[in-house]
Amino acid sequence: MSITRHNFSTEKHTDFFLTLRSRVNNYFSDSKTSRYANTNMIIKTIFMFSLYFVPYFFIVSGILEYPLLIFVTWCIMGIGIAGIGLNIMHDANHGVYTKNKFWNSFLSYTMDLVGSNAAVWRIQHNVLHHVYTNIQNTDEDINGIPFLLRFSPHQKRYKIHRFQFLYAWFFYGLMTLMRVFYSDFVQLFKFKKESHFRSEKEFRKELFILIFSKSIYFIYVLVIPAFVLPVSFGFILLCFLSMHFIAGFILAVIFQTAHIMPELEFPIPDKTGKIDNNWAVHELVTTANFAPKSRILSWCIGGLNFQVEHHLFTNICHVHYKKLSPIVKKTAEEYGLPYHCHKTFLGALLNHTKMLKNLGKA
């Protein structure tokens with residue numbers, strides 16, 4: 001079984017992306033700036049790795065004795081997981097951290113280092129989400145838990161969805177836990193059936209990496225602490241679950257506020273699988289930015305408050321999105337196209353809550 005492929009219109013706004021891409025190329029050539037990581041990115045990489053591994057060192061060193069201090073340290077590691085995911089793994093899996101393919105591949109496996117799987121992520125995120133954003137049954141990011149979470153007006157509605165604007169936040173916190181224990185395995189076999197792997201050999205290789213990396217992960221994150229910490233394994237398990245809840249919650253709210261919003265569209269392909277927009281315009285109408293003036297937030301979340309720029313230019317490192325934003329906005333306005341942006345992150349969260357509530361209504 002292969003996945004349904006959708007085609008985008010080649011008739012509407014055909015020159016929009018040509019103009020935009022030319023202007024973005026001119027920006028890099030005129031400023032003599034590389035599209036890849038800069039010094040700021042390297043500093044950020046060191047910081048995010050430290051946010052995860054320094055607390056881990058304190059945990060396994062046996063220095064910490066008080067349970068509360070141990071718990072807080074695990075929680076800091078949860079922030080570190082989100083930081084590594086948003087800033088390092090994300091760009092590396094898009095192949096834009098560096099020109100060097102080896103180092104991009106090496107850094108992409110930081111996802112396996114924190115319990116998930118890079119190969120599954122690349123298919124789910126780079127292919128299904130970025131190409132087919134907000135398209136029902138194709139974009140994996142809006143295929144939540146059907147009987148609990150409704151992320152598209154085209155999905156079946158259950159009575160419980162009336163309350164999803166209240167309880168969805170708890171399930172957001174389970175995002176990385178689901179990947180660690182369940183969805184990576186399920187999706188790997190699902191993507192095999194959908195012919196996302198070039199050969200049986202490639203699939204077997206990725207299956208081996210998945211099993212091996214998760215085994216190493218559970219040994220260093222659960223088994224070793226169980227031997228060195230002066231607390232029960234039940235307490236360690238609580239710390240582990242809390243770490244991932246924090247990481248999952250941060251990651252989920254960043255990505256959900258970019259696509260599950262009242263002003264955005266959820267296009268339906270026609271009977272032939274065609275979308276009534278070209279790809280670039282499709283990304284504009286299904287994606288939103290937030291907090292464009294917040295330098296600190298942008299630095300912490302890998303520039304993903306500029307999701308519009310990211311979706312249009314996945315071949316550019318996120319450290320450049322802020323500079324590209326005025327170019328994208330101006331070009332969209334010239335062509336009479338939308339450029340969705342919320343002034344603050346809080347405003348984006350409130351609108352996402354409104355969307356969850358709207359989707360829960362009959």
(request) Verify the cluster assignment for Leu113 and Trp103: are they in a single hydrophobic cluster under the rule of side-chain heavy atoms below 4.5 Å apart? (result) yes
(message) Using a 3.5 Å distance criterion without hydrogens, assess whether the side chain of Gln164 forms a donor-acceptor pair with backbone atoms of Leu149.
(response) no
(request) Give, for atom OG1 of Thr110 and atom CG of Asn93, the distance between the pair rounded to the nearest 0.5 Å. (result) 7.5 Å
(request) Specify the closest pair of heavy atoms between Asn143 and Asn137, including all atoms of both residues, with the distance to one decimal. (result) OD1-N, 3.8 Å
(message) Evaluate Val120 against Glu206 for side chain to side chain contact (heavy atoms under 4.5 Å, CB included), listing each step before the verdict.
(response) CA-CA 9 Å; Val120 169; Glu206 297 300 343; over 6 Å; no
(request) State, with a plain yes or no, whether a side-chain heavy atom of Ile160 is found less than 4.5 Å away from one of Phe147. (result) no
(message) Using the rule that Ile, Leu, Val, Met, Phe, Trp and Tyr join whenever any side-chain heavy atoms are under 4.5 Å apart, tell me whether Tyr36 and Leu107 fall into a single cluster.
(response) no
(message) With a 6.0 Å cut-off (strictly less than), is the heavy-atom count around CZ of Phe181, excluding the residue itself, greater than 12?
(response) yes
(message) Check whether Asp91 reaches the backbone of Cys317 with its side chain - one donor and one acceptor, N or O, closer than 3.5 Å.
(response) no
(message) Run the side chain to side chain contact (heavy atoms under 4.5 Å, CB included) test on Arg179 and His244 for me, step by step, so that the C-alpha distance in whole Å, both residues' side-chain angles and the decisive distance to 0.1 Å come before the verdict.
(response) CA-CA 10 Å; Arg179 298 195 72 94; His244 271 287; over 6 Å; no
(message) Could you check whether any side-chain heavy atom of Met175 comes within less than 4.5 Å of a side-chain heavy atom of Gln256, counting everything from C-beta outward?
(response) no
(request) Supply the members, apart from Leu346, of the Ile/Leu/Val/Met/Phe/Trp/Tyr cluster built from side-chain contacts under 4.5 Å; use none for a lone residue. (result) Leu350
(message) Once rounded to the nearest 0.5 Å, what's the spacing between atom NZ of Lys323 and atom OG of Ser31?
(response) 7.5 Å
(message) Is it the case that the side chains of Gln124 and Asp141 hold a donor-acceptor pair, with the cut-off being a distance below 3.5 Å and no angle test?
(response) yes
(request) Give a yes-or-no answer on whether the side chains of Asp270 and Thr272 include a donor-acceptor pair shorter than 3.5 Å. (result) yes
(message) When you compare the side chain of Cys341 with that of Lys329, does any pair of heavy atoms fall below 4.5 Å?
(response) no
(request) Return yes when atom NZ of Lys214 has more than 12 non-hydrogen atoms of other residues, nucleotides or ligands closer than 6.0 Å, and no otherwise. (result) yes
(message) Between Ser298 (side chain only) and Ser294 (backbone N and O only), is there a donor and an acceptor less than 3.5 Å apart?
(response) no
(message) Are Gln136 and Ile142 packed together at the side-chain level, in the sense that at least one heavy-atom pair is separated by less than 4.5 angstrom?
(response) yes
(request) Measure the acute angle between the ring planes of His125 and His310, then classify it against the limits of 30° and 60° as parallel, tilted or perpendicular. (result) parallel
(request) Any chance you could measure Thr353, atom OG1, to Leu166, atom CG, to the nearest 0.5 Å? (result) 9.0 Å
(request) Start with the C-alpha distance between Phe49 and Tyr52, add both sets of side-chain angles, then the distance that settles ring pair (Phe, Tyr, Trp, His ring centres under 6.0 Å), and finish with yes or no. (result) CA-CA 5 Å; Phe49 275 134; Tyr52 181 74; 8.7 Å; no
Name each donor-acceptor pair under 3.5 Å that joins a side chain in residues 62-84 to protein atoms two or more places apart or in another chain, with its distance.
from, atom 1, to, atom 2, distance (Å)
Thr73, OG1, Leu69, O, 2.7

(request) Quick one: sort the His90 and Trp121 rings into parallel, tilted or perpendicular, breaks at 30° and 60°. (result) perpendicular
(request) Drop me the distance from Lys190's NZ to Ile123's CD1, to the nearest 0.5 angstrom. (result) 10.0 Å
(request) Please lay out, stage by stage, how Tyr335 and His13 fare under the test ring pair (Phe, Tyr, Trp, His ring centres under 6.0 Å). (result) CA-CA 8 Å; Tyr335 281 85; His13 301 290; 7.2 Å; no
(request) Please check if the side chain of Thr133 supplies one atom and the backbone of His129 the other of a donor-acceptor pair under 3.5 Å. (result) yes
(request) Linking directly or through intermediates, with side-chain heavy atoms under 4.5 Å: list the remaining ILVMFWY members grouped with Leu264, chain and number order. (result) Met261
(request) Apply the test side chain to side chain contact (heavy atoms under 4.5 Å, CB included) to residues Leu304 and Phe255: give CA-CA distance (whole Å), side-chain angles for both, the deciding distance (0.1 Å), then the verdict. (result) CA-CA 8 Å; Leu304 292 180; Phe255 285 107; 3.8 Å; yes
(request) Report yes if the distance between the aromatic ring centroids of Phe28 and His320 is under 6.0 Å, otherwise no. (result) yes
(message) If hydrophobic clusters are built by linking Ile, Leu, Val, Met, Phe, Trp and Tyr wherever their side-chain heavy atoms come under 4.5 Å apart, do Ile268 and Tyr132 end up in the same one?
(response) no
(request) Would you please classify the geometry between the Phe249 ring and the Phe245 ring as parallel, tilted or perpendicular, with 30° and 60° separating the classes? (result) parallel
(message) Would the distance check show the side chain of Thr45 and the main-chain N or O of Met41 forming a donor-acceptor pair, the cut-off being under 3.5 Å?
(response) yes
(request) Give a yes or no on whether the ring-centroid distance for Tyr321 and Phe306 is below 6.0 angstrom. (result) no
(request) Give the C-alpha distance, both sets of side-chain angles, the deciding distance and a yes or no for side chain to side chain contact (heavy atoms under 4.5 Å, CB included) between Leu337 and Tyr339. (result) CA-CA 7 Å; Leu337 297 170; Tyr339 182 85; over 6 Å; no
(request) Report the distance from atom CE of Met48 to atom CD1 of Ile88, rounding to the nearest 0.5 Å. (result) 7.5 Å
(message) Would you say that more than 12 heavy atoms from the other residues, nucleotides or ligands in this model lie under 6.0 Å from the CZ of Arg204, or not?
(response) no
(request) Using distance alone, with no hydrogens and no angle criterion, decide if Glu263 and His342 have a side-chain donor and acceptor under 3.5 Å apart. (result) yes
(request) Check the hydrophobic clustering (I, L, V, M, F, W, Y; side-chain heavy atoms under 4.5 Å; chains of links allowed) and say if Ile260 and Leu86 are grouped together. (result) yes
(message) Is it true that, when you exclude Phe58 itself, more than 12 heavy atoms of the residues, nucleotides or ligands shown sit nearer than 6.0 Å to its CZ?
(response) no
(request) Identify which one of His94, His340, His259 satisfies the ring pair (Phe, Tyr, Trp, His ring centres under 6.0 Å) criterion when paired with His311. (result) His259
(message) Keeping Thr14 on the side-chain end and Thr10 on the backbone end, is there a donor-acceptor pair under 3.5 Å?
(response) no
(request) Spell out, as yes or no, whether a donor-acceptor pair under 3.5 Å connects the side chain of Asn7 to the backbone of Lys274. (result) no
(request) Would you please indicate yes or no on a ring centroid separation below 6.0 angstrom for Phe185 and Tyr182? (result) no
(message) So Phe266 and Phe151, do their side chains get closer than 4.5 Å, heavy atoms only?
(response) no
(message) Please find the pair of heavy atoms, one from Lys44 and one from Gly302, that lie closest to each other, and give the distance.
(response) NZ-CA, 4.2 Å
(request) Specify whether Phe208 and Phe212 have parallel, tilted or perpendicular ring planes, treating 30° as the upper limit for parallel and 60° as the lower limit for perpendicular. (result) parallel
(message) Please check: side-chain N/O of Thr287 versus main-chain N/O of Gln307, any donor-acceptor pairing under 3.5 Å?
(response) no
(request) Output yes when a side-chain donor or acceptor of Ser50 lies under 3.5 Å from a complementary backbone atom of Ile46, and no otherwise. (result) yes
(message) I'd like to know if the side chain of Asn104 and the backbone of Gly95 have a donor-acceptor N/O pair within less than 3.5 Å.
(response) yes
(request) With rounding to the nearest 0.5 Å, note down the distance linking CG in Leu241 to CG in Leu238. (result) 6.5 Å
(message) Which residue is it: Phe165, Phe290, Trp169? I am looking for the one with a ring pair (Phe, Tyr, Trp, His ring centres under 6.0 Å) to His352.
(response) Trp169
(message) Regarding Lys322 and Glu309, does a basic nitrogen lie under 4.0 Å from an acidic carboxylate oxygen?
(response) no
(message) Parallel, tilted or perpendicular: which one describes the rings of Phe106 and Phe102, with boundaries at 30° and 60°?
(response) parallel
(request) State, with a plain yes or no, whether a side-chain heavy atom of Leu128 is found less than 4.5 Å away from one of Asp139. (result) no
(request) Report whether Leu324 and Val96 are members of the same hydrophobic cluster (ILVMFWY, side-chain heavy atoms less than 4.5 Å apart, transitive linking). (result) no
